Novice: 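Let me give you the structure first, and then I'll get to my questions.
None of these values were measured; they are calculated from a predicted model. Residue numbering restarts at 1 for every chain, and letters A, B, ... go by the order of the sequence lines.
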Amino acid sequence: MMPIVVAADVRKTFGSVQALNGVSMEIPAGQVLCIVGPSGSGKSTLLRCINQLERIDSGAIWVDGELVGYRRVGDKLYELTDSEIARQRLTSGMVFQRFNLFQHMTALENIIEGPVTVQKRRRNEVTDEAMVLLERVGLSAKRDAYPSELSGGQQQRVAIARALAMKPKLMLFDEPTSALDPELVGEVLAVMKDLARSGMTMIVVTHELGFAREVANEVVFMDRGAIVERGSPQEVLVHPQQQRTRDFIAAVLA
Amino acid sequence: MSSTTAPSSIGTGQTARFDPSIAHLTHVPRRHYGRWIASALILAAFALVVKSFAEGQIDWAVVGQFFTAQSIISGLGNTIIMTICAMALGITLGVLFAILVMSPNPVLKGIAVFYIWFFRGTPLLLQLLLWFNLALVFPRIGIPGLFEARVVDVMTPFVATLLGLGINQGAYTAEVVRSGILSVDAGQTEAAKAIGMTRLTTLRRIVLPQAMRVIIPPVGNEVISMVKLTSIASVIGFAEVLRNAQTIYYANARVIELLIVSAGWYLIIVTVLSIGQHFLERYFARGSGRRSRPAAPSAVES
């Protein structure tokens, strides 16, 4: 099966900090991959490089068979234009730690904004789809609520619906439950589990080891900008081979 | 703090004994004698000022007579038209240059920085005189073969005032718009990018609408300020309300009366605008209230 994401020797520095230190990986379509690791390990940066919220310094990333951010001419890679990058981003949907719902739009408006403004689709057709998505995340009653009138968990569920409305082939989750009150984590994870069951390809940066164990096909442990260990949830989270992985899991479970 | 520990912490000894029988006594608020004295003095001073104006060399009948004089009303019309046109130009330039100033292109950014530096750095009166006397630098303007005109004919007092006030206003509004754009959380831009928006679409659909909440109140202030700034154009002969009042008092020597007439009209316009601004700010304060609690878990879970 063709991998949906391929990363080859990806490097990225912020000032003097090596955020990604030569990361290579392949992610098959239809898989749920969880990336775990201590903060500053580069896991969020990797996710943000995949949909080009960050530019990589060297290496290459392919999403859905397409080289991300560059066009190869001969032996050089030329950076793409703003609108070409925008088009490439349509392949993936992104869910942020801080939800980032558009504050001046209702839940429904947030969801239809992309399809109507970016994909130029007809508003009433998109609205019908958006209502189905709201139903799916259990928020039909909140269609006209502004983000500030919603709890964190509700905002994150709307944010997931907003990303799904673009019909992406791949969903990226950047610590989707880290900013939530503990009692609201479950409702977001439930929506994500439902999404995983539907066959969506998902890359999830998370601290929820329980979720990773239950839902992930594969788990990657990252530390200091590199992949330390990769395997099934059982292998990485229950019987880790590397000392750093063991230390991290012990610290999280403590 | 628990109620059982409070009494013992306050009263060591004498208040440790409670007398519940005083609970029914009437509470008497403190008297503010100082306020009464101050108020009386200020009112007395105010009465003296009013009295001296009433008895002074002001012919109030003349004020009433000229308040709705044809020339004053047409000047008032010009003041209002100029305020609207100059503000429209100022806001347009302000948004444009705010975007340019944040542009990654160093040339565009440089031009915007120069614009703001120059027009904020020189007096408005000087700029008006520069525009009005532009014919001394460029006698003729035009596109060769298409049209040509003498600058003296083009640069009427109206055009010179519009350019002077509007372009100057743009430099200030650019800073207001820039701070408005900066006030929008970076996460909003990232979310917009993530759903495939280009930079311009993000600005138009996501950033500017939210920046308006920060931009509108100071721009409201600047509209009020602009109403009065138009009076500066009297020096280059633009027939706004103050200029027309001056023309009248050069003829009839009723200087103070006609200045009072203009002052009255400025106050009326500004009062109306202030009321408008109050409602506008209340509207946008409601918006910012929405934003000030982004992750509030206040709503009931469904």
Side-chain angles (χ1 to χ4, degrees), chain A residues 48 51-53 81-105 110-111 113-119 138-142 145-157 159 162-163 165-166 168 172 174 179-181 183-184 187, chain B residues 99-100 102-105 108-109 177 180-217 280-302:
Chain A
R48 292 164 62 82
N51 81 339
Q52 308 187 60
L53 288 177
T81 64
D82 191 33
S83 56
E84 286 170 320
I85 291 172
R87 183 189 54 76
Q88 283 194 336
R89 286 201 183 102
L90 296 179
T91 314
S92 57
M94 178 103 176
V95 175
F96 297 88
Q97 182 178 350
R98 302 283 337 272
F99 332 132
N100 294 348
L101 287 183
F102 305 131
Q103 298 295 312
H104 59 309
M105 296 180 182
N110 263 281
I111 296 170
E113 178 63 18
V116 171
T117 308
V118 178
Q119 295 175 327
L139 289 172
S140 303
K142 298 290 184 184
Y146 283 94
S148 67
E149 296 162 352
L150 299 173
S151 73
Q154 291 171 332
Q155 287 189 62
Q156 194 61 297
R157 286 186 278 159
R162 175 177 67 178
M166 303 297 289
L172 308 171
D174 187 5
L180 295 176
D181 291 339
E183 78 271 24
L184 305 180
E187 63 189 69
Chain B
I99 293 167
L100 289 186
M102 294 196 275
S103 159
N105 181 331
L108 295 182
K109 185 185 163 74
V177 173
I181 289 175
L182 288 179
S183 76
V184 179
D185 181 46
Q188 297 287 308
T189 307
E190 290 194 342
K193 282 181 179 173
I195 58 168
M197 286 193 183
T198 58
R199 193 179 293 133
L200 266 181
T201 311
T202 303
L203 196 66
R204 183 174 58 83
R205 294 287 308 166
I206 307 301
V207 176
L208 279 180
Q210 294 184 62
M212 288 314 277
R213 294 169 186 169
V214 174
I215 293 171
I216 288 290
L280 212 60
E281 282 190 13
R282 204 169 62 171
Y283 176 80
F284 282 101
R286 190 185 60 187
S288 66
R290 280 212 304 254
R291 196 178 49 184
S292 67
R293 44 188 185 93
S298 58
V300 180
E301 287 297 306
S302 70

Novice: Roughly how far, to the nearest 0.5 Å, is the OG1 atom of B:Thr198 from the CD1 atom of A:Ile85?
Specialist: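 With rounding to 0.5 Å, CD1 (A:Ile85) is 11.5 Å from OG1 (B:Thr198).
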
Novice: Has the side chain of A:Asp82 got a donor or acceptor atom that lies under 3.5 Å from a matching backbone atom of B:Arg199?
Specialist: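 Yes.
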
Novice: Rounded to the nearest 0.5 Å, what separation is found between the CD1 atom of B:Ile206 and the CD atom of A:Glu113?
Specialist: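 B:Ile206 atom CD1 to A:Glu113 atom CD measures 4.5 Å (nearest 0.5 Å).
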
Novice: Pick one of side chain, backbone, both or neither for B:Ala186, based on which atoms fall under 4.5 Å of a heavy atom in chain A.
Specialist: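 Neither part.
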
Novice: List the atom of B:Ala191, the atom of A:Phe102, and the distance in Å for their closest heavy-atom pair.
Specialist: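 B:Ala191 and A:Phe102 have their closest heavy atoms at CB-CE2, 3.9 Å.
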
Novice: Please report the shortest heavy-atom distance between B:Lys193 and A:Arg89, naming the atom on each side.
Specialist: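 That closest heavy-atom pairing would be O-CD, 3.1 Å.
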
Novice: Report which part of A:Ser83 has an atom under 4.5 Å of a heavy atom belonging to chain B: side chain, backbone, both, or neither.
Specialist: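 For A:Ser83, heavy atoms of backbone and side chain both lie under 4.5 Å from chain B.
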
Novice: Which heavy atom of A:Met166 sits nearest a heavy atom of B:Ile195, and at what distance?
Specialist: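 Heavy-atom minimum between the residues: CE-O, 3.2 Å.
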
Novice: If only atom types and distance count, is the side chain of A:His104 paired as donor or acceptor with the main-chain N or O of B:Ala211 below 3.5 Å?
Specialist: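 A pair under 3.5 Å: no.
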
Novice: What heavy-atom pair brings A:Arg48 and B:Glu190 nearest, and what distance separates the two atoms?
Specialist: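 Minimum heavy-atom separation between A:Arg48 and B:Glu190: NH2-OE2, 2.5 Å.
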
Novice: Quick check for you: among A:Leu53, A:Leu90, A:Leu172, which has the greatest number of heavy-atom pairs under 4.5 Å with chain B?
Specialist: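 Top count of heavy-atom pairs under 4.5 Å with chain B: A:Leu53.
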
Novice: I'd like to know which of A:Leu101, A:Thr91, A:Val95, A:Thr81 tops the heavy-atom pair count under 4.5 Å against chain B.
Specialist: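 It is A:Leu101.
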
Novice: If I measure from the heavy atoms of chain B, does A:Phe96 come under 4.5 Å with its side chain, its backbone, both, or neither?
Specialist: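 For A:Phe96, the side chain is the part near chain B, not the backbone.
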
